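Keep in mind it's a predicted model, so treat the numbers as computed, not measured.
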Protein chains: 2
Amino acid sequence: MDYTISSIDRALRMLEALAELPGSGVTELAKKTGCTKSQTFRILYTLEARGFVIKDAERNYRLGFQTMLLGDQARRQSPLIAAAQPFVNELYDRLKENILLIVRHELHSACILLRSSPDRDKIFADIGRTGPLHAGGGPKILLANAPQSIQDQVLSGELPGFTAKTVRDPDRLRTLLEQIRRDGWTLSDGELDDHKRSLATPVRDATGTVVAALSVTGASDRLRDAFLTDAREALVSTAGRLSVALGYRGAPVIAS
Amino acid sequence: MDYTISSIDRALRMLEALAELPGSGVTELAKKTGCTKSQTFRILYTLEARGFVIKDAERNYRLGFQTMLLGDQARRQSPLIAAAQPFVNELYDRLKENILLIVRHELHSACILLRSSPDRDKIFADIGRTGPLHAGGGPKILLANAPQSIQDQVLSGELPGFTAKTVRDPDRLRTLLEQIRRDGWTLSDGELDDHKRSLATPVRDATGTVVAALSVTGASDRLRDAFLTDAREALVSTAGRLSVALGYRGAPVIAS
DNA sequence: AAACGCCGTTTCACTGGATGAAAAATTGGT
DNA sequence: ACCAATTTTTCATCCAGTGAAACGGCGTTT
């Protein structure tokens, strides 16, 4: 049964459109969302009245403070983030490389926790930044463990390349995803960022569902050899403990 | 002319209610927002479909990842935050005390930027946390410069005390607000946090509207004497430069 | 075991709020 | 001043949203 209230759905899509096109006007947003211009105007008026969007002097719109504040509250109140924070910190203290917690939202990945060192090289992932599901350690873990319909949609859609090493062939990706599910972890070697490697492994909740990927990312010339093996073991162990903290009671994944 | 779409307004209020009562069920949220139960159920269903809220196994709701991610985008795309960030950092480097940028949202204050030192004592203000307008340096600056209707509403409403030093008498507050407008800065001595002082001054935009308050907050035994004077001068100067960066072209405020 | 209360979910007749097309107003560029 | 593009406003129309009540499940009480 579908209980969707379509005017509310349109407003939510308007917020999403604004996140992608900050500083847009009424006509542009109408085109982006498929709403009529007068509908768009009224939606924006309603959103503006509550501070979700701001209209500037040139009549361009941006996300407003109330969106920001509610986002902060969402972060503060997230049981997953609360549970994961100490484990992310611990892993960072151990490895001194970037540690990320990545989630899937529809057909994309998003970084919801990031512990990085100021003197480490910049990486694609950043707090709140969305990215692909087919490239990168964490994203591939999430794709490999996503519902079949999600996998099918991603693999039949566009598979953009971020570097020369990004795997873009659907058949090759299917094989990789199968191996990832078997292994219980994955390594991304320069698929999202040149000269960067990313190890990742799943985080499961009480029902056994993969709700996030825990990942360590750093320069390829550091993440190799014995340190790579060490990092992988620490990563899998930490993600396993986090999963237990989230109520997971399945069998421990045995690395091949 | 009122172009508010009431079902959308209800959905936005539902998000706000969830920020205040995370983990609520349908009945509680209906009561909080004044919506019927079937309306509440449908609103939540629509919000959940797009990831703005999450329903857990016990049928309780919380803000979801999409709210968090949009909040992150709002922060990333805010011209005010982008402009203020270097000034906040500079002031922090200078004073080594907590530096805050505070905004008003309806009848409350909210901290949108915070530069604090790990070894500093904890203060009330925190990123994304909303607070009063009648207590604390930054909040009082915002109240003193708010539209008359906002001032009237705040002063005729509840004025809760946070410490023994919080001013709760509306008449006394009116006198204080007048002085704040004359002085162009204010000192809060233990009104929000015991043993904490907070200096604050307004930040203006191109139209001369006070859009934020810049504030330095620290322990009372550090924020005194010559350091207090020094901090005040640095604060007022920095806020003035930030205001200019935002397009403000008014006369410089001369401190009494 | 049955009754009861509470909550979340579902149903469907009804209507008023949302809609869209077009007019009016505003803005920025030449 | 003129013009094109955009934003805002208007109003007759109608359908999407509403609300009251039924339904189902669960935990507690008798």
For [N], take OP1 and OP2 only and decide whether either is under 4.0 Å from a side-chain N or O of [X].
X	N	value
B/Gln39	D/dG19	yes
A/Tyr3	C/dT9	no
B/Thr27	C/dC6	no

Euclidean distance, atom [atom1] of residue [X] to atom [atom2] of [N] [Å, nearest integer]:
X	N	atom1	atom2	value
B/Asp56	C/dG8	CG	C1'	13 Å
A/Ile43	D/dT7	CD1	C1'	15 Å
B/Lys37	C/dG8	NZ	P	7 Å
A/Leu44	D/dT9	CG	P	13 Å
B/Asp9	D/dG17	CG	P	15 Å
B/Ile8	C/dT19	CD1	C1'	12 Å
A/Phe41	C/dA18	CZ	P	15 Å
B/Arg59	D/dG27	CZ	C1'	12 Å

Aromatic plane relationship, A/His134 with A/Phe162 - under 30° parallel, 30 to 60° tilted, over 60° perpendicular: tilted

Should A/Leu15 and B/Phe52 count as side-chain neighbours, where that means a heavy-atom distance under 4.5 Å? yes

Would you say B/Leu214 and B/Ile99 make side-chain contact, with heavy atoms under 4.5 Å? yes

If you take all heavy atoms of [X] and [Y], which pair is closest and at what distance?
X	Y	answer
B/Ser24	B/Leu21	OG-O, 2.5 Å
A/Leu159	A/Arg168	O-NE, 2.8 Å
A/Thr166	A/Pro160	CG2-O, 3.8 Å
B/Arg50	A/Arg13	NH2-CD, 2.9 Å
A/Thr33	A/Met14	OG1-CE, 3.7 Å

Per nearest nucleotide of DNA chain C, the residue lying toward the 5' end, A/Glu58 or A/Ser6, is A/Ser6

Taking the minimum atom-to-atom distance to the side chain of [X], which one of [options] wins?
X	options	answer
A/Val26	D/dT7, C/dG20, D/dG19	D/dT7
A/Tyr61	D/dT8, D/dT9, C/dG20	D/dT8
A/Ile5	D/dG17, C/dT19, C/dT9	D/dG17

Is A/Tyr45 touching bases, backbone alone, or none of the nucleic acid, heavy atoms closer than 4.0 Å? nothing

At 4.0 Å (heavy atoms only), tell me whether B/Lys55 reaches a base, stays on the sugar-phosphate, or touches nothing. sugar-phosphate

Kindly calculate the angle separating the two end axes of the helix from C/dA1-D/dT30 to C/dT30-D/dA1, each obtained from five base pairs, and round it to 10 degrees. 40°

For A/Glu28 and for A/Ser7, find the nucleotide of DNA chain D with the closest heavy atom, then tell me which residue's nucleotide is more 5'. A/Glu28

With nearest nucleotides of DNA chain D determined for A/Thr4 and A/Asn60 from heavy-atom distances, which residue corresponds to the more 5′ nucleotide? A/Asn60

Please determine whether any donor N or O and acceptor N or O are separated by less than 3.5 Å between the side chain of B/Arg42 and the base of D/dG19. yes

Look at the side chain of B/Ser38 and the base of D/dA20, then say whether one donor and one acceptor between them are separated by less than 3.5 Å. yes

